[in-house]
Amino acid sequence: MRSSSSDVAGAATVAVAARPRLASPWGRLPAWSRRVLLLALLIGAWQAYVSVRHPNALSFASPWDTSKTFWHDLKDGTLATATWTTLKILVEGLAIGAGIGLMLTAFATFSKFGDDLLSLLTAILNPLPGVAVLPLAILWFGITTKALLFVIANSVIWPIAINLSTGFKTVNPTIIAVARNMGISGLRLVTDVLAPAALPHALSGFRTAWAFGWRTIVASELIFGVAGGKGGLGNYINNARFYLDTRAVFAGLVMIALIGVALDLVFVWVERSTVVRWGMKRADETGGVS
């Protein structure tokens, strides 16, 4: 009798779990419209604070004043040049860091010594903030772009290496065994078998690395100033602070936020075009990636 009752209870639990959840009205909206509405709410809250509290113009800028300064500095090239300088250095640093991270991961995959080395270096260097390495980079490379590239590479190596290493270690052993039986080994095993199977972890690692690198370069520019005769976004914001141009400070922050949103959309598109499309990751009903 007990067994029968437990079977009925178990069947009921399975039925409840299998029942499709009813999406809320908010959840039924397309992903882009939800983000637009949230952005409008944030801007509305920003404007409401300015309208109610009337903060000092030297310490806080309204959305309208910020947008005017944003477009003015974008059209005259001040903000556009600063943004391009920062993005160019960031991409170079990401490329260097990604290359080193891939080499360390490949070495760790085929060597216990390499695995121990990667674990030790990750434990030592991963917790270090990029800005903490900046004084040493300046001593080694001087006030040049190389110093920024060094701190960016150091901040992106470890997220990429950690996620790739985890992805390689979680690949189905049967897939690896079949590949070895087919004569695939060495570097080809990494490029043809492990890397495609670990793609979800790789994308996650690059996404995290991009965020780390972006924060590092902006913070470094705020302290570092001009890189190779050209100032980036951090330098743009710091100069605006120096001249008490609060609207320009907010304009620089808005540019950082816009680039962050744009890159996030790029990563979502890449995931939907690869790992979601290939069934390696689930997409929710509204088109987002879960």
Side-chain angles (χ1 to χ4, degrees), residues 25-27 29-94 130-131 148 152 207-208 210-270 286-289:
W26 177 261
L29 294 174
W32 67 268
S33 62
R34 296 200 306 266
R35 296 195 178 194
V36 169
L37 288 174
L38 286 173
L39 180 61
L41 286 174
L42 290 175
I43 296 175
W46 180 4
Q47 181 59 53
Y49 174 80
V50 174
S51 300
V52 173
R53 302 290 297 181
H54 301 290
N56 190 327
L58 291 178
S59 62
F60 206 86
S62 69
W64 177 245
D65 290 337
T66 300
S67 63
K68 287 194 298 183
T69 303
F70 181 92
W71 289 114
H72 176 270
D73 287 1
L74 195 64
K75 287 190 295 183
D76 71 9
T78 306
L79 184 55
T81 301
T83 303
W84 170 248
T85 299
T86 297
L87 288 176
K88 182 180 179 182
I89 297 173
L90 177 62
V91 170
E92 292 177 6
L94 282 170
V131 179
L148 288 177
I152 295 169
R207 199 171 190 172
T208 305
W210 135 255
F212 280 17
W214 185 234
R215 291 198 297 264
T216 298
I217 188 171
V218 173
S220 297
E221 286 177 344
L222 282 168
I223 302 171
F224 185 84
V226 178
K230 295 182 180 179
L233 271 174
N235 188 62
Y236 171 88
I237 294 172
N238 195 46
N239 283 339
R241 175 202 61 84
F242 183 79
Y243 291 106
L244 299 179
D245 189 355
T246 309
R247 295 174 300 178
V249 172
F250 273 74
L253 295 176
V254 167
M255 177 60 79
I256 292 173
L258 290 177
I259 292 174
V261 171
L263 264 294
D264 183 71
L265 292 175
V266 170
F267 278 111
V268 169
W269 175 80
V270 171
T286 57
V289 177

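Residue numbers count from 1 along this sequence.
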Given the options T69, T66, I259, V249, V254 meets side chain to side chain contact (heavy atoms under 4.5 Å, CB included) only with T66
Looking only at heavy atoms, the pair that brings L148 and S220 closest together is CD2-CB, 3.6 Å
For N56, does its backbone N or O pair with a side-chain atom of S59 as donor and acceptor, under 3.5 Å?
yes
List the steps and the verdict of side-chain contact (heavy atoms from CB on, under 4.5 Å) for L37 and L41.
CA-CA 6 Å; L37 288 174; L41 286 174; 5.6 Å; no
Nearest atoms (heavy-atom pairs only) where G260 meets W210:
CA-CZ2, 4.1 Å
Is there a side-chain contact between L233 and W214 (heavy atoms, below 4.5 Å)?
yes
Could you go through M255 and L74, starting from their C-alpha distance and side-chain angles, then the distance that decides it, and tell me whether this counts as side-chain contact (heavy atoms from CB on, under 4.5 Å)?
CA-CA 10 Å; M255 177 60 79; L74 195 64; 3.8 Å; yes
Nearest 0.5 Å, please: how far is OH in Y243 from CG in N238?
11.0 Å
Interatomic spacing from CH2 in W71 to CG in L79 - rounded to 0.5 Å
10.0 Å
Going through the distances and angles, do E221 and T216 end up as a side-chain contact (heavy atoms from CB on, under 4.5 Å)?
CA-CA 8 Å; E221 286 177 344; T216 298; over 6 Å; no
Got a donor-acceptor contact below 3.5 angstrom from the T81 side chain to the T78 backbone?
no
Value for CD1 (I256) from OH (Y236), rounded to nearest 0.5 Å, stands at 10.5 Å
R247 vs D73, test: salt bridge (Lys or Arg N to Asp or Glu O under 4.0 Å). Steps then yes/no.
CA-CA 11 Å; R247 295 174 300 178; D73 287 1; over 6 Å; no
Nearest atoms (heavy-atom pairs only) where L222 meets G234:
CD2-O, 3.1 Å
Going through the checks in order, is the side-chain contact (heavy atoms from CB on, under 4.5 Å) test met by D264 and R207?
CA-CA 8 Å; D264 183 71; R207 199 171 190 172; 2.5 Å; yes
Side-chain donor or acceptor of T86 paired with backbone N/O of A82 under 3.5 Å:
yes
From R241 atom CZ to T246 atom OG1, the distance as rounded to the nearest 0.5 Å
11.0 Å
Atom CZ of F242 and atom CG of N235: how far apart are they, to the nearest 0.5 Å?
12.0 Å
Could you check whether the rings of F250 and W46 sit parallel, tilted or perpendicular, using 30° and 60° as the cut-offs?
parallel
Hey, what do you get for CD1 (I89) to CD1 (I217), rounding to the nearest 0.5 Å?
5.0 Å
Go through the side-chain N and O atoms of Q47 and S62 and say whether any donor and acceptor fall under 3.5 Å apart.
no
With sequence neighbours left out, the residues meeting side chain to side chain donor-acceptor pair (under 3.5 Å) with R215 are none
